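Read through the structure below, which is laid out as structure tokens, and then see the notes.
This structure is a prediction, so every number in the text was calculated from the model and none was measured.
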Amino acid sequence: MRVAITGGGPGGLYAAALLKRLDPTREIRVWERNAPDETFGFGVVLSDETLGGIEHADPVVYDALQRHFVRWDDIDIVHRGVTHRSGGHGFAALGRRRLLEILHDRCRSLGVEIEFRTEAPRPDTLAAEYDLVVAADGVRSTTRETYAEVLRPTLTEHRCRYIWLAADFPFDAFRFEIAETEYGVMQLHGYPYAADASTVIVEMREEVWKAAGFDEVTPLESIERCAKIFAEALRGRPLRSNNSAWTTFRTVVSDRWSHGNVVLLGDAAHTAHFSIGSGTKLAVEDALALAACLQEQPDVPSALTAYEEERKPVVASTQRAARASLEWFENLPLYLHQPSRQFAFNLLTRSRRVTHDNLRLRDGHFTAAVEREFGCPPGTPPMFTPFRLRGLTLRNRVVVSPMDMYSATDGLPGDFHLVHLGARALGGAGLVMTEMVCVSEEGRITPGCTGLYTGRQAEAWRRVTDFVHTQAPGTAIGVQLGHAGRKGSTKLMWEGIDEPLPHGNWPLVAASPLPYKPGSQTPRQLSRAQLTDIREQFTAAAWRAARAGFDLLELHCAHGYLLSGFLSPLTNRRTDAYGGSPERRLRFPLEVFDAVRAVWPAERPMTVRISATDWAEGGTTAEDAVQIARAFAAHGADAIDVSTGQVVAEERPEFGRSYQTPFADRIRHEVGVPVIAVGAISSWDDVNSLILAGRTDLCALARPHLYDPHWTLHAAVEQGYDGPGVGWPAPYRAGSRRPQTGRTDAPKPRLTLGG
């Protein structure tokens, strides 16, 4: 096999060494445009997981790396003059030049040909002449651009400028330092990579960079100014450059990683922000996986398919974490008001990979101090601390999220709803929410949706609230009121979600006469008189909800239903006073909110659920969501329940663990209103992490409560908690300990005999 590798960075070199070691008959050539000692940046951080893979695949390289590693365990966060140190993290780093030297030596010893100071031939030329072409040619990959129509890359430039520098002394920890200057917030990321040197990255928002005049000074002046700004962290020492320049980070996502016998590796295929130290790590892991797949599969096409299937999910997960970290630093000013120790915890858990439980194991003293400052009583996890909304005190921070059950007849909740909601109330959550309860017969999503448009329905709901209050004391129950709008008159979810009924359809109304998707019914645009009628339907339903005994009322302004349809520019095309500007699109939902608040008991809280983004071009953005939340808060909303999407059928959500939480986080800090976070929050560790970091006040979980109605009780047991934040119903107390399982351990030998 003849193999061509374009790009002599760590990923390309390590791929060359592995491929040659696994099969010495392979002819492998590497092209590198720079000289052997020319490289961008200074230090490289590798994880224990990556090092384990290197040790297993090539002990020679691993042993050489081991001799040059600098290792440390601590992270220092400096916030407003206060330094907090967290230990137990475990880092290993070495100089980038040293890493390249090790890989150069290994490649030469194995017989790999390396062409330095040489541009690689065109990708199509290489593809014709070689059996395999590995494109490790970096973030500005010529290969990726050559085959862009097939590989379909997406490049996103972000909001911060950064410069990669070095200092001639070793930090004794990974250091994050925040400088609040007259121009804005700047941050330093620093870590040691040798016994006498550290990497120093200075980063700031583009507007801060310009305000500080960095766009008008020479590179040398930039470096000197950075050294003055962070003089204390640098101990008064200068910074040095390696042809360093200010740049913006670019996230690369490739839909496909290979074309024919050409395959992308490392930054050519994907990038992940440096704040989680992942670029070289991912490239080396790509090389390991590619070499393994070529060894295991019968031919190159099968190997490249297997390589992509193996690596893409791993890289996507890393990119989600890196994106969360990147955006945290972009929005750093939002968090500066936090107490310094909570700020440090927030920073450490920013990517969602380090969590409360994980950090507690790494550094229990630090985590316990954060919990004390937050107000956790001794032995109380953050999720079991109380939270007050108006006159209602929730005993813990867990919410059973509204989930449509489509199991009503003529809008009437029955035995199913009593058992469904009652079981989850017995399960220990602080607040249990109903599904969207419709304010009129025509406002239903499906024939199976519940309502509050008749007295009989209110009586049926009273049966549910009475059960919760008497059998699950300490648990509150809330009602979510809504109107389906253009998404109504559809089949039950399991019969065909969002598909029109085959017969018996009722007419739909909406902000504008736009069907939800092709084949959907076209709604009528609401007239002024109809808007008044619908507002009165909401107030009548709210009055019935109060009589039915609900503790909290949520107004559903999300997911493309009627009120949400007014908020989004994609679904509101009106030219009257209820359409156009954001203020006009808010007008009707705010009118409904005010009318409901006027009849809802003053001591009981009201929340509003919004879609913080439409996940579609031209739709509601995160900035719009802040404005929407601020408007509802100004009108008296006690909390904002922050969801996303489901507004237009052509949405493209960015799914992932806790993927909607950043929208709630931003609203909480910019608006100063309590928020409820939702969206793929599945573990009690996630809940504790989000609460303690100050990203949300409450966490709403849906599917976990379908899987386990007693999710909150079990979370308490698993954390060894038995306090006032949760209570086992008396008939269930015998089950408050995990049942024993069969024995899996073998008896240990009592004697060890020497030989």
Side-chain angles (χ1 to χ4, degrees), residues 1-33 36 46 50-65 99-116 118 120-121 123 125-138 141 143-144 257-270 279-312 314-315:
M1 176 182 283
R2 302 182 71 231
V3 181
I5 299 177
T6 60
L13 291 171
Y14 192 53
L18 286 175
L19 292 173
K20 188 70 171 175
R21 179 173 182 269
L22 289 169
D23 185 351
T25 67
R26 287 170 175 155
E27 178 188 323
I28 301 177
R29 178 169 293 186
V30 179
W31 282 266
E32 170 54 49
R33 67 169 63 95
L46 295 175
T50 305
L51 292 173
I54 293 173
E55 181 180 20
H56 182 74
D58 195 335
V60 173
V61 172
Y62 177 79
D63 290 342
L65 293 175
L99 173 60
L100 292 176
E101 288 172 2
I102 291 169
L103 294 174
H104 290 158
D105 291 344
R106 184 59 171 152
C107 285
R108 290 191 191 98
S109 71
L110 292 167
V112 173
E113 297 181 48
I114 307 177
E115 302 276 357
F116 291 110
T118 305
T125 301
L126 291 174
E129 296 179 358
Y130 286 81
D131 301 301
L132 174 66
V133 179
V134 180
D137 48 349
S141 170
T143 309
R144 187 185 64 234
W257 291 11
S258 65
H259 173 56
N261 63 341
V262 179
V263 63
L264 303 180
L265 183 147
D267 284 355
H270 48 72
T280 301
K281 171 185 182 297
L282 288 177
V284 169
E285 290 175 352
D286 282 354
L288 285 163
L290 178 61
C293 290
L294 285 165
Q295 198 74 4
E296 295 162 357
Q297 300 298 324
D299 50 46
V300 168
S302 301
L304 299 190
T305 298
Y307 161 70
E308 190 167 337
E309 289 177 349
E310 176 182 336
R311 290 296 295 160
K312 280 187 77 172
V314 177
V315 169

Does a side-chain heavy-atom distance below 4.5 Å link D63 with E55?
no

List the residues meeting side-chain contact (heavy atoms from CB on, under 4.5 Å) with A135, not counting sequence neighbours, and say none if there are none.
T6, D137, T143, L264

Going through the distances and angles, do D58 and Y14 end up as a side-chain contact (heavy atoms from CB on, under 4.5 Å)?
CA-CA 10 Å; D58 195 335; Y14 192 53; 4.0 Å; yes

For R21 and P59, the nearest pair of non-hydrogen atoms, with its separation, is NH2-CD, 4.0 Å

Has the side chain of R29 got a donor or acceptor atom that lies under 3.5 Å from a matching backbone atom of E113?
no

To the nearest 0.5 angstrom, please state how far the CZ atom of R108 sits from the CG atom of L103.
11.0 Å

Residues C293 and E310: closest non-hydrogen pair is SG-OE1, 3.6 Å

Using every non-hydrogen atom in the two residues, find where L19 and V3 come nearest and quote the distance to one decimal.
CD1-CG1, 4.2 Å

Side-chain contact, heavy-atom cut-off 4.5 Å: V134 with V30?
no

Heavy-atom closest pair, residues R311 and A289
CD-CB, 3.5 Å

Can you tell if the side chain of P10 reaches within under 4.5 Å of the side chain of L100, non-hydrogen atoms only?
yes

Which is it for F116 and H104 under the side-chain contact (heavy atoms from CB on, under 4.5 Å) test, yes or no, and what are the steps along the way?
CA-CA 11 Å; F116 291 110; H104 290 158; 3.6 Å; yes

Please check: side-chain N/O of E308 versus main-chain N/O of W257, any donor-acceptor pairing under 3.5 Å?
yes

State, to 0.1 Å, how close L265 and G12 come at their nearest heavy-atom pair, and which atoms those are.
CD2-N, 4.1 Å

List the steps, then state whether side-chain contact (heavy atoms from CB on, under 4.5 Å) holds for R106 with I102.
CA-CA 6 Å; R106 184 59 171 152; I102 291 169; 5.6 Å; no

What is the ring orientation for Y130 with W31, classed by angle as parallel under 30°, tilted 30 to 60°, or perpendicular over 60°?
perpendicular

T118 side chain reached by R33 side chain, heavy atoms, under 4.5 Å
no

Given the options D131, L294, L132, R26 meets side chain to side chain contact (heavy atoms under 4.5 Å, CB included) only with L294

Measuring from atom CG of L18 to atom CG of D23, what distance do you get when rounded to the nearest 0.5 angstrom?
12.5 Å

OH on Y62 to CD1 on I54, rounded to 0.5 Å
9.0 Å

Let me confirm one number: the CD1-CD distance from I5 to E32, rounded to the nearest 0.5 Å.
12.0 Å

Distance, nearest 0.5 Å, that separates CG of D267 from CZ of R144
9.0 Å

With rounding to the nearest 0.5 Å, note down the distance linking CZ in R2 to CD1 in I28.
11.5 Å

Are the side chains of V300 and M1 in contact, using a 4.5 Å heavy-atom criterion?
yes

What are the two closest heavy atoms between L13 and G8, and how far apart are they?
CD1-O, 3.2 Å

T125 side-chain N/O to P121 backbone N/O, donor-acceptor pair under 3.5 Å
no

